[in-house]
Amino acid sequence: MAMLANPGRRRVLGLAGGAAAALGLGWFLKDYTQLGRSGVAKLKIVFFVTPDGLGAAGRGSFPHGLWLEKKVGADHSDFALLEASKELEPYRSQALFLSSLSLGQNFIGHNGHNFVLRDNPGTKASVDYLLGRHLTGLNPTLGGIFATPSVGSNEAFIVSHSEAGPRSVMPDPARLFQIIFGAKSSRSELKGAHLLDLANEDIKTLRQKVTGSERQKLDLHLDSVEQTQKDLAEIQNPTCESISEPDIPNFLDAANREQVQVAHAKVVAAALSCGLARVATIQQGRTTDQRGIGDILSIASHSASHSNMGGTIEEWLTSRKWFVKQARLLMDQLKALPDPDVAGDTLLQHTLVVFTSEMSDGQLENSYDMPLVLMGGASGLLQSGGNSGRLFDLASQADKTDYLGSMVTYQRIWSTLAQLVGTSVPYGGNIDRVDGLFNFS
């Protein structure tokens, strides 16, 4: 997409910058001045966390569980996806399945939400929050987006943490949209709006404080901002113009669970495609959830994850497959949208999706042999093994060994990811890089 051929552009933007700084509109001006695609790939990261495990332990007619058949030392593409992981088959060629992983303790149970994206003791900020502050988009005030479909208003069992504690939940996709895109009912309505309407009261207050030549300078700045808005409108990403605010009045109703889940994924994907943010987390639900799933699961999804709490093997299978399916639907959204930086590329080509759960299996409530898959084009940085995907067992790089085997703890995965994007995590203990995951330059 061509940049503007405006000989006075630098002067206009310089004048506009003065007004924007005075009015606190710096990020919004940056939004308009940088929307031309640079051609330089910028990695986006989405953490996708599902509750109550992915059925990794065997039971009944599924002796190896629903996720993967573990093979210590494996590093190959000749592996079988099981009943739940089969939902990711369309993206197998872009997937790196990892095994021999642990949260640092063997049976954390439902407290796994405190550890899954954090350090082993669960005392520091989570990796998604840290990376969201490092990899900012055009609106740096967003940091990392935190979407919480089906979590409800209860802030217990939250996987994402700042230094101050669990982050605020956002179960309503309409509210998530408003925080990211503004309170307009659709992005297209912003196209013809006066840029300065967003800070109208601040403008009035500021103009009352200045007189004479200073007011004339301010008016010149404001006129320049308005002209910049008009000049740059033609290079807007179509995604940002067309996305509509979700309208799901009963967003906490189990009957609308999939609709709400998809709505959150669409809002997150659109925000990444517009370049407003580069890191997001979607927490699918909270552990111990007592609601069903629309018309496919009448009992509590938590009970179904156990299959020994009134649920059946079939309900266990149905619920785990549904949760993995939502990860596939997110991948579909990322594939359907354009990348904000590289013309002709999809968003998925430059996004890494980190898919996991806060426990391995809902019935065992164990936190060893954790399920983790890295997916997406990831700007060519992911070692996904080519056209058939890759299963990579990490036992040989273990930092935790006991009677259950040799395993790598999650905090080292998060440290490795941080190193990939040029930063670090403030975690104690072993945070050595795990080899064989990414292509480091």
Side-chain angles (χ1 to χ4, degrees), residues 46-57 65-68 84-85 97-129 144 146-152 154-162 165-167 169 171 261 264 280-291 293 300-307 309 316 319-320 322-324 326-327 330 353-374 400 404 407-414 417 427:
V46 181
F47 295 88
F48 197 81
V49 185
T50 195
D52 294 321
L54 290 170
L66 306 177
W67 187 241
L68 293 173
S85 55
F97 290 86
L98 301 177
S99 61
S100 291
L101 284 162
S102 167
L103 293 188
Q105 303 175 49
N106 293 329
F107 293 97
I108 298 177
H110 293 296
N111 286 326
H113 67 278
N114 274 322
F115 302 88
V116 62
L117 297 182
R118 305 171 77 187
D119 57 321
N120 290 347
T123 60
K124 303 293 185 179
S126 54
V127 64
D128 59 324
Y129 177 79
F146 185 39
T148 55
S150 302
V151 167
N154 187 340
E155 298 205 1
F157 304 109
I158 301 305
V159 301
S160 186
H161 296 73
S162 70
R167 296 170 69 187
V169 298
Q261 179 72 46
H264 275 267
T281 302
I282 301 177
Q283 181 176 346
Q284 279 193 280
R286 59 186 179 88
T287 189
T288 73
D289 193 342
Q290 297 304 305
R291 295 175 304 148
I293 303 173
S301 58
H302 169 241
S303 298
S305 74
H306 280 258
S307 78
M309 294 178 60
W316 171 61
S319 64
R320 297 311 95 191
W322 183 84
F323 280 114
V324 181
Q326 304 315 306
L330 169 66
V353 175
V354 181
F355 179 41
T356 189
S357 179
E358 90 288 351
M359 65 178 69
S360 177
D361 184 84
Q363 184 160 302
L364 295 181
E365 297 186 354
N366 59 319
S367 41
Y368 62 89
D369 284 340
M370 291 288 292
L372 176 65
V373 57
L374 308 174
K400 176 184 181 298
L404 291 169
M407 301 183 196
V408 166
T409 55
Y410 264 36
Q411 72 168 23
R412 286 182 59 203
I413 303 296
W414 307 146
L417 181 54
Y427 299 164

Inset, instruction - For His110, enumerate each residue passing the ring-ring contact (aromatic ring centres under 6.0 Å, His included) test, keeping only those at least two apart in sequence or located in another chain. - result: His302

Legend entry - Partner residues of Phe146 under the ring-ring contact (aromatic ring centres under 6.0 Å, His included) criterion, sequence neighbours left out: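 For Phe146, no residue satisfies ring-ring contact (aromatic ring centres under 6.0 Å, His included) once neighbours in sequence are set aside.
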
Between [X] and [Y], is there a donor-acceptor pair closer than 3.5 Å when you use the side chain of the first and the backbone of the second?
| X | Y | result |
| --- | --- | --- |
| Ser126 | Ser160 | no |
| Asp361 | Asn366 | no |
| Thr148 | Gln283 | no |
| Thr356 | Pro371 | yes |
| Gln284 | Phe323 | yes |
| Tyr368 | Ser100 | no |

Hey, could you give me the [atom1]/[atom2] distance between [X] and [Y], rounded to the nearest 0.5 Å?
| X | Y | atom1 | atom2 | answer |
| --- | --- | --- | --- | --- |
| Phe47 | Trp414 | CZ | CH2 | 5.5 Å |
| Thr123 | Asn114 | OG1 | CG | 10.5 Å |
| Ile158 | Thr287 | CD1 | OG1 | 11.5 Å |
| Leu54 | Met359 | CG | CE | 10.5 Å |
| Met370 | Ser357 | CE | OG | 6.0 Å |
| His113 | Leu103 | NE2 | CG | 12.0 Å |

Inset, instruction - With sequence neighbours excluded, tell me which residues meet side chain to side chain contact (heavy atoms under 4.5 Å, CB included) with Ser85. - result: Trp67, Leu68, Leu81, Leu82, Phe97

Inset, instruction - Could you pull out all residues at least two apart from Ala327 that satisfy side chain to side chain contact (heavy atoms under 4.5 Å, CB included)? - result: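 Expected list: Phe48, Leu88, Phe355.
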
Which heavy-atom pair separates [X] from [Y] by the least distance, and what is that distance?
| X | Y | result |
| --- | --- | --- |
| Gly53 | Arg320 | O-NH1, 2.8 Å |
| Asp52 | Asp289 | OD2-N, 4.4 Å |
| Leu117 | Tyr427 | O-OH, 3.7 Å |
| Pro171 | Val169 | CD-C, 3.7 Å |
| Phe107 | Leu364 | CD2-O, 4.0 Å |

Side chains of [X] and [Y] in contact at under 4.5 Å (non-hydrogen atoms):
| X | Y | answer |
| --- | --- | --- |
| Thr50 | Val324 | no |
| Asp369 | Met407 | yes |
| Tyr410 | Val127 | no |

Legend entry - Residues in side chain to side chain donor-acceptor pair (under 3.5 Å) contact with Gln261, at least two apart in sequence or another chain: none

Inset, instruction - Would you tell me whether Ser367 and Gln105 have side-chain atoms, one donor and one acceptor, within less than 3.5 Å of each other? - result: no

Legend entry - salt bridge (Lys or Arg N to Asp or Glu O under 4.0 Å) contacts in which one or both residues fall within residues 107-129, not counting sequence neighbours: Asp128-Arg167

